2 protein chains.
Amino acid sequence: MREKNSADRCECTVIHEEVVNMVKSKMPDEEKLYDLAELFKVFGDSTRIRILWALSESDMCVCDIASLLNMTQSAISHQLRILKQTRLVKNRKEGKVVYYSLDDGHVKQVFEMGLFHINE
Amino acid sequence: MREKNSADRCECTVIHEEVVNMVKSKMPDEEKLYDLAELFKVFGDSTRIRILWALSESDMCVCDIASLLNMTQSAISHQLRILKQTRLVKNRKEGKVVYYSLDDGHVKQVFEMGLFHINE
DNA sequence: TGAACATATGAATATATAATCATACGTATA
DNA sequence: TATACGTATGATTATATATTCATATGTTCA
C-alpha cells in the first residue's frame, strides 16, 4: 500500500522494489535527518562560517567580528543569534560588551572534515 | 589603513584591535571558506541529505529514489544534478536507467560528525 | 520506425533567508 | 539624569533556491 502511494507521487514505476524496501527499512527517522540538514545549513553560509572560524581562534565581541569581516554590526548580530540558537556559540556580557565564543569542540572537527573533502 | 576601512563599514569602534589583527592573520583564505560554506550548503537540504543517506545504503536509480522519498522524478533529478556537480555522487548508465552512487567515502563521515553533535 | 519509458532540463513559481535600515534596549559615565 | 556607546531586533528588501510544470533527450523493443 505504501508503495502504491509512492508510485502515485513519483509518477514512475518502481524499478527495484526490494532495494527501495531495504533502504527504507534502514533510513534514520525523518526528523533526525531534518535536524541534520538544519545543522549543516547553519554551516552553509560564508558569513557564519567565517564567524565560527574566527571564534575558534579567539573569543570576540560583536564589534570585533564586524570589523574583522568588514560587515555591519547588525548583520553580524543577526547571524550570531542564529549561531546561538543552534548552540554553536555562547556569550558572556561584560558591561556593554558581549563576548562570543564557540559553544563546543565539535565545530572545529566539522570544519576539518569539510576541508579534508575540499582539498582532494 | 585596513582598519580604517573596516571601521567605516562596521560602524562601530574596534574594541580589541590586537585581537582582530591576530585573528585576521590566522584566518584561512576567503576563497577556501567560501568553498567550505558551499560544501555544507549542499548537505543543508533535507532532500539532498536523504538522497545521500539512501545512497550510502545502496546504489539506486532516479526512479527508486523518487519512490523512496515520495517525491517527483523531476525534483530528485534536479537535486542529483547538484550532488553530482559537487562530486558527492556519480552515476552509471545501463540502458535507459541511470544508477547513482556515492562518489567518495567522506560523505558518511560528515554525516556521522553531524549526528554526533545533534545527539548530545 | 514508432511507441513506451527513464531521465534531464529550462522556465516559472513559491518560499526561505541574508543584509539593510531604523530604532529599541541596556549599561557606563560625565 | 542625560548622553554615548555596544548590542539586539522587527520590518523591509533583495536574492537564492527548491519544487513544479511542460517538454526534450535518449534508449529499448515491438
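These numbers come from a predicted model, not from an experiment. Lettering follows sequence order; numbering is per chain, from 1.
Applying the side-chain contact (heavy atoms from CB on, under 4.5 Å) rule to A/M27 yields the partners A/V23, A/L33, B/R50, B/W53, B/A54, B/L69; only residues at least two apart in sequence or on another chain are considered. Residues passing the side chain to side chain donor-acceptor pair (under 3.5 Å) test with B/E38, sequence neighbours excluded: B/K41. With sequence neighbours excluded, no residue forms a salt bridge (charged side-chain N to carboxylate O under 4.0 Å, His left out) with A/R48. Partners of A/E94 according to the salt bridge (charged side-chain N to carboxylate O under 4.0 Å, His left out) rule, which considers only residues two or more places apart in sequence or in another chain, are A/R92. Legend: residues meeting side-chain contact (heavy atoms from CB on, under 4.5 Å) with A/K90, ordered by chain and number and at least two apart, are A/S101, A/D103. In terms of the side-chain contact (heavy atoms from CB on, under 4.5 Å) criterion, A/K96 has no residue partners (sequence neighbours excluded).
Remark: side-chain polar atoms of B/N21 are paired, donor with acceptor, to backbone N or O of B/E17 under 3.5 angstrom.
We find that CD1 of A/I76 is positioned 15 Å from P of D/dT9, with the value rounded to whole Å. In this structure, B/Y34 places its OH atom 13 Å from P of D/dA16, rounding to the nearest Å. Taking atom CD1 on A/I49 and atom P on C/dT17, their separation rounds to 17 Å, with Å as the unit. Whole-Å rounding puts the B/R92 CZ to C/dA6 P distance at 17 Å. In this structure, A/R48 atom CZ and C/dA18 atom C1' are separated by 8 Å, rounded to whole Å. Protein atom CG of B/D59 is 19 Å distant from nucleotide atom P of C/dA6, rounded to whole Å. Rounded to whole angstrom, the span from the NZ atom of B/K41 across to the P atom of D/dT15 amounts to 15 Å. For the pair A/L69 CG and C/dT20 P, the computed distance is 12 Å after rounding to whole Å.
Cluster partners of A/Y99, using a side-chain heavy-atom cutoff of under 4.5 Å among ILVMFWY residues and allowing indirect links, are A/V97.
Comparing A/E38 and B/Y99, the nucleotide of DNA chain C nearest to each residue sits closer to the 5' end for B/Y99.
A donor and an acceptor atom never sit less than 3.5 Å apart when one is taken from the side chain of A/Q79 and the other from the base of C/dA18.
The side chain of A/T47 sits closest to C/dA19 out of C/dA19, C/dA8, D/dT19. Which of C/dA8, D/dA8, C/dT20 sits closest to the side chain of B/V98 comes down to C/dA8.
Within the nucleic acid shown, A/Y100 comes within 4.0 Å of sugar-phosphate atoms alone, with no base atom in reach, counting heavy atoms only. At the heavy-atom level, A/I82 lies under 4.0 Å from the strands shown only through sugar-phosphate atoms. Within 4.0 Å (heavy atoms only), A/L80 reaches no atom of the nucleic acid at all.
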Side chain to side chain contact (heavy atoms under 4.5 Å, CB included) between B/M22 and A/S58, worked out: CA-CA 9 Å; B/M22 185 276 284; A/S58 170; 3.9 Å; yes
Residue pair A/L102, A/L52: steps toward the side chain to side chain contact (heavy atoms under 4.5 Å, CB included) verdict: CA-CA 7 Å; A/L102 296 187; A/L52 289 172; 3.8 Å; yes
Base-contact (B) and sugar-phosphate-only (S) positions in nucleotides 25-30 of chain C, heavy-atom cut-off under 4.0 Å, - elsewhere: -BBS--
Check nucleotides 10-14 of chain D against the protein and report each pair of N or O atoms closer than 3.5 Å, with its distance, or say if there are none.
{"from": "D/dG10", "atom 1": "O6", "to": "A/H78", "atom 2": "NE2", "distance (Å)": "2.9"}

